[in-house]
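Here the structure comes first, spelled out in structure tokens, and everything after it is commentary.
We number each residue from 1, following the sequence as shown.
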Amino acid sequence: MHGEYKVPGGKLVVVDLDVEGGALRNVRVAGDFFLEPDEAILTIDGALEGAPANTDTAGLTARIDAALPASTVMLGLTSEGVAVAVRRALAHATEWSDYDWQLIHEAPQSPALHMALDEVITAEVAAGRRPPTLRVWEWAAPAVIIGSFQSLRNEVDPAGAERHGITVVRRVSGGGAMFVEPGNTITYSLSVPESLVSGLSFADSYAYLDDWVLGALGDMGIKAWYQPLNDIATDIGKIAGAAQKRIVGPDGGPGAVLHHVTMSYDIDADKMLDVLRIGKEKMSDKGTRSAKKRVDPLRRQTGLPRQTVIDNMIESFRKRHGLTPGKVTPEEMARAEELVRTKFGTSEWTARVP
């Protein structure tokens, strides 16, 4: 069995192993990390040898930590990263390179249609009718997108939304409200087979699926990192938020994961605060007293036009994982438009949590 895991902000860990009699055997850990002393790699292998195959990530991490001397130095590597690679091997997880990735980047569409396309495209990936897909959004109108479980009245000031011509829609994933304007926002979705994140905890899958965009930002001179649970941040401020939804495959089989990210290229903070109700409780653990200070737009950090930032991101993904131009099929669009009519464009869905 073979498992790979790139430690967020670190290096690639590769584990090869067998399972005999319900225990790990012939464990070999490798990768492009740095480790001192040299023999520590054998210590890690030995710590995992004979472990019950059903040991969880925390248990495997504890075995490694207990075996390594206090003087061990790991660079680009963590004990937990090794444990995750083991779990991915046992889960027969797939890798980015196992797929032919498709890009969808089309003309601006309505907020409700974007919500529907996310659901349809991810369901198609789950059914095996579509390859894993990176979809870059273009917005036809300003919007507030609230999370699946948020209260509409608690998150949005209806008078402010009406005053500024803001459409309010509800997405299928959890998380917080996002304020978007067509020229000020960069949004993308990854629709991926569930096997790509096999062996990862829900939280770890966020970091794993965000890793490519951290590299893309680094290529543009921005040192960014994943900030649990679902933010991308820099030392100046937050620049993006992510959310996920699992979609079950046909007949309850393996499904797909929708991972979408909204990035602030620029932001009208006064307008945002006139539309969103951002309470003191939400801000209490953010290390700032002002919502304006929480978000630092990409325009200021890169000095690049929005389209250039998007082009750079797409090219960075292509270099890392490959990417073929594609499009929404007529059948997918028809299903998405029907979902707008019956779900995402209805007041019943938008106010399902009043």
Practice prompt. Indicate if Leu117 and Trp139 have the same hydrophobic cluster label, given that clusters are the connected sets of ILVMFWY residues with side-chain heavy-atom separations under 4.5 angstrom.
Written response: no
Fill in: Selection residues 43-57 - residue pairs positive for side-chain hydrogen bond (donor to acceptor under 3.5 Å, both in side chains), sequence neighbours left out
none
Practice prompt. Would you please say whether a donor-acceptor pair under 3.5 Å links the side chains of Ser205 and Gln244?
Written response: yes
Fill in: Sub-4.5 Å side-chain heavy-atom contact between Leu103 and Thr324
no
Discussion item. Can you confirm whether Ile222 sits close enough to Leu298 that some side-chain heavy atom of one is under 4.5 Å from a side-chain heavy atom of the other?
Written reply: yes
Practice prompt. For the pair Arg320 and Asp219, find out whether any cationic side-chain nitrogen is under 4.0 Å from an anionic carboxylate oxygen.
Written response: yes
Discussion item. Strictly below 4.0 Å, N to O, side chains only: are Arg88 and Glu95 in salt-bridge contact?
Written reply: yes
Practice prompt. May I have the step-by-step check of ring pair (Phe, Tyr, Trp, His ring centres under 6.0 Å) for Tyr206 and His259, ending in yes or no?
Written response: CA-CA 8 Å; Tyr206 274 84; His259 179 93; 5.6 Å; yes
Discussion item. Consider salt bridge (Lys or Arg N to Asp or Glu O under 4.0 Å). Of Arg135, Arg130, Arg129, which one does Glu124 pass it with?
Written reply: Arg129
Discussion item. Test of understanding: clusters of I, L, V, M, F, W, Y form through side-chain heavy atoms closer than 4.5 Å, transitively. Do Leu60 and Leu35 belong to the same one?
Written reply: yes
Worksheet entry | Partners passing salt bridge (Lys or Arg N to Asp or Glu O under 4.0 Å) against Arg153 (at least two apart in sequence or in another chain) | none
Worksheet item: So, are Lys223 and Asp235 salt-bridged, with charged N and O less than 4.0 Å apart?
Response: no
Worksheet item: Are the ring centres of Trp137 and His105 closer than 6.0 Å?
Response: no
Discussion item. Can you tell whether the side chains of Lys343 and Glu348 come within less than 4.0 Å, N to carboxylate O?
Written reply: no
Item to complete: If the plane angle is over 60° it's perpendicular, under 30° parallel, otherwise tilted; pick one for Phe317 and Trp96.
Response: perpendicular
Discussion item. Between the side chains of Arg335 and Glu119, is the shortest nitrogen-to-carboxylate-oxygen separation below 4.0 Å, so that they form an ion pair?
Written reply: no
Discussion item. Using 30° and 60° as the class boundaries, would you call the ring planes of Trp101 and Tyr99 parallel, tilted or perpendicular?
Written reply: perpendicular
Worksheet item: Taking NZ, NE, NH1 and NH2 as the nitrogens, is one of them in Lys238 or Asp231 under 4.0 Å from a carboxylate oxygen of the other?
Response: yes
Practice prompt. Give me the ring orientation class for Trp349 and Phe344: parallel if the planes are under 30° apart, tilted from 30 to 60°, perpendicular past 60°.
Written response: perpendicular
